[in-house]
There are 2 protein chains.
Amino acid sequence: MEKESLMNAVVADVTARRKGGRQGSRKAGGFTLRDVAKLAGVAPITASRALNTPDAVSAKVLQKVQAAVLQTGYVPNLLAGALASQKSRLVAAVVPTLSGPMFLQTVEALTDTLAGAGYQVMLGQSGYENSREDALLDAIIGRRPDGIVLTGITRSPQARRRLLASGIPVVETWDLTPTPVDMLVGFSHEKIGAAVAQYLHSKGKRRVAAISGDDERSRRRATAFSEAAVRLGMARPQESEVPACLVTAPTTLGNGRSGLRELLQRAPDIDAVFCSSDLLALGVMIEAQASAIAIPGQLAVIGLGDLSFSRDLHPPLTTVRIDGTAIGSTAARFIIDRSEGKSVAEPICDLGFTIIERASV
Amino acid sequence: MEKESLMNAVVADVTARRKGGRQGSRKAGGFTLRDVAKLAGVAPITASRALNTPDAVSAKVLQKVQAAVLQTGYVPNLLAGALASQKSRLVAAVVPTLSGPMFLQTVEALTDTLAGAGYQVMLGQSGYENSREDALLDAIIGRRPDGIVLTGITRSPQARRRLLASGIPVVETWDLTPTPVDMLVGFSHEKIGAAVAQYLHSKGKRRVAAISGDDERSRRRATAFSEAAVRLGMARPQESEVPACLVTAPTTLGNGRSGLRELLQRAPDIDAVFCSSDLLALGVMIEAQASAIAIPGQLAVIGLGDLSFSRDLHPPLTTVRIDGTAIGSTAARFIIDRSEGKSVAEPICDLGFTIIERASV
DNA sequence: ATGAAAGCGCTAACAT
DNA sequence: ATGTTAGCGCTTTCAT
């Protein structure tokens, strides 16, 4: 009876608040920690401790508070907690786009790993132009996240300055630079381009070409690929680069098909194509099939990403595997460690890449 | 000079805070609205108005505040603003998984539309089991978002109750129910199944089969498909359902290949397959190609999703188009309207679907 | 182990 | 148009 009437009193309180009972009141309704504390017969701070550091309160108090929470359906206001404690447990992730499924795994791994540690992910899409990134950055910093995960490295000095000034841990991903804003998890696009050229050469290919998204990272891979190929004698005599076709990012299967047609028109003698994504490579394979070009007999194809479908193609696709999941979980680790006060020993992590040999080369 | 020394004074203040100068001070460092106001020579609330409702202040004040913002690099603390104003400008989105690219478009459209209105998206992955959803929900409600967008309808009565109690606008998506928690944007999975059966029948198919993800919505489509097919006489005599193969969600190309093999083994006479995703359908097409089964000659294939690659396949894939982008932008609209106080007139929106006829049937 | 007081940085309400 | 005051709901600091 005692307890019930107390509950009633608390509920009456809240109900009064909902109606804006007192003049000047701005309370929104819904139970607060004070309500729970009152119900449990303790001070608000004790209720807070019961919820956040259960070890710091007596078993009796713990039990009473938990009962009050259950009775009220109380859900802590993390906004208020964040403001008071300067820890938002929010991490921002910025990707150029979610499509073009390269970043999916990273975002997924990031979200999962962080969720496991009680953090949540705020998503931002910057597009492939840098213009939107600055506005987005302010919106993000305004939320005072405990970390910011960026796709790609930060070019704009303005953005760098703002990021630095915010004091928020930053992880740049999917690329390498000797001068990161803060932490870094990525791999070298230049090395990939060179390694693929080397690989195709070792397989006896002598007339290679590339189809590439026109975003900055893909272009750097394509350039490195072309340079290495020229060095290895895989360009036509007198030519300083291999045939290449730039398509708008994000890359699609259709781009792959039209890319191969274009390439074949310009250079019918090519014997291998490096595609800047597996989707592009699939397009090439489909175009080849439609044009009765044998793969790998007449044309070798190598993709990038090792997406889930690549191993199941016919023939299975040779590709450069990049571990997007590892990028996401490593970035998450970095931020969790940092925000728990541990210093990250080696805040620059080159995850590398692997050429997965399958039947398409 | 005047201004400069004022800036210095303000900076000195902040610097003192950073070091925890005063005893008991918990300030984190970084400029606050008070600093900006002091620099501009106005009261904090005036600075606030200059930033949020520029029309409500004089040109002179506006200019001074803007100058102070520029000088300091001040970024408003949205956490504090949200707490005070009860508007977080945060919207939570929950998807089973980001992979299985059905939900990508929705999340993308949601993020973009909301970003345009000054909102940001918090992402949650629930997995395909309901168990994680409840915990996730509390984490979300705790942030007091201005809206919650759910993928699929809410089954658990517990979750319904909590959602309702929170008073937060909710949009359920990708499905239809007469009893939504709040708002709804989706389409009928049952109607799709029936429509596909009807469509295949009209194309002269008489031995149809299905490959389907084993999540709840795909199963309902498959069941409706089978029932309609039986009604139309497309099952074997004496059989009450058509051959079907359930694969684990999210669906993959590999699942499509193995699914077709399994189906062919159990029922070699099938002349059409309904796949619960375009990726599955692509797998079927590749398996058919590898086994020299002509599409659509020997076997018709119809997918679901109309993903970007589907039109570019060989042959182009007939599929059920679902406008994931419209789902996302409509959900965003609903939430923006609600949170701006407009009541949403028709909070239940059936976006329907379209069968896109291409060459694979 | 528990509590009182004092904010976190901002904005709603009520003056002027 | 601008300012004063009083919170938003929580947690820190410093007692006890």
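Everything quoted here is computed from the prediction, not taken from an experiment. To find a chain, count down the sequence lines: A is the first, B the second, and so on, and within it residues start at 1.
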Phe31(B) atom CZ is separated from dC8(C) atom P, nearest whole Å, by 16 Å
Atom CG of Asp35(B) and atom C1' of dG9(C) are separated, to the nearest Å, by 10 Å
When rounded to whole Å, the CZ to C1' distance for the pair Arg144(B) and dC10(D) reads 11 Å
Distance col, row Thr113(A):OG1 vs Glu108(A):CD, nearest 0.5 angstrom, shows 10.5 Å
Side-chain atoms of Ser58(B) come closest, of dT12(D), dC8(C), dT2(D), to dT2(D)
Out of dA4(C), dT11(D), dT2(D), minimum distance to the side chain of Ala43(A) belongs to dA4(C)
Q) With sugar-phosphate meaning primed atoms plus P, OP1 and OP2, does Pro44(A) contact a base, only sugar-phosphate, or nothing at under 4.0 Å between heavy atoms? A) nothing
CD of Gln66(B) to CG of Leu51(B), rounded to nearest 0.5 Å, is 8.0 Å
Side chain to side chain contact (heavy atoms under 4.5 Å, CB included) with Asp175(A): of Thr151(A), Val185(A), Ile153(A), only one passes, and it is Ile153(A)
Of the listed dC8(D), dG3(D), dC10(D), the closest approach to the Ile45(B) side chain comes from dG3(D)
Rounded to whole Å, the CZ-C1' distance (Arg143(A) to dC10(C)) equals 14 Å
Could you walk me through whether Gln158(B) and Asp134(B) pass the side chain to side chain contact (heavy atoms under 4.5 Å, CB included) check?
CA-CA 8 Å; Gln158(B) 204 166 327; Asp134(B) 279 17; 3.5 Å; yes
The single option from Thr46(A), Leu39(A), Val36(A) that satisfies side chain to side chain contact (heavy atoms under 4.5 Å, CB included) with Val65(A) is Val36(A)
Winner on side-chain proximity to Val61(A), out of dT2(C), dA4(C), dC8(C), is dT2(C)
Heavy atoms of Pro96(B) and Ser126(B) approach each other most closely as CA-OG, 3.4 Å
Separation of dC10(C) atom P from Lys38(B) atom NZ, nearest Å, is 14 Å
Comparing nearest nucleotides in DNA chain D, the 5'-proximal residue of the pair Gly41(B), Ala80(B) is Gly41(B)
Given Watson-Crick and G-U pairs under 3.5 Å, DNA chain D in dot-bracket ([ ] crossing, | other strand) is ||||||||||||||||
From CG of Leu78(A) across to P of dC8(D) the rounded distance in Å is 18 Å
note: Leu83(B), atom CG; dC8(D), atom P; distance rounded to Å ~ 9 Å
Q. Backbone N or O of Thr179(B) within a donor-acceptor pair of the Thr177(B) side chain at under 3.5 Å?
A. yes
To the nearest 0.5 Å, atom CD1 of Ile140(A) lies from atom CD of Gln120(B) at 6.0 Å
Sorted by number, residues from residues 46-54 of chain B placing a heavy atom under 4.0 Å from DNA chain C are Ser48(B), Asn52(B)
Here the gap from Arg162(A) atom CZ to Ile168(A) atom CD1, rounded to the nearest 0.5 Å, amounts to 11.5 Å
Lys87(B) atom NZ is separated from dC10(C) atom C1', nearest whole Å, by 15 Å
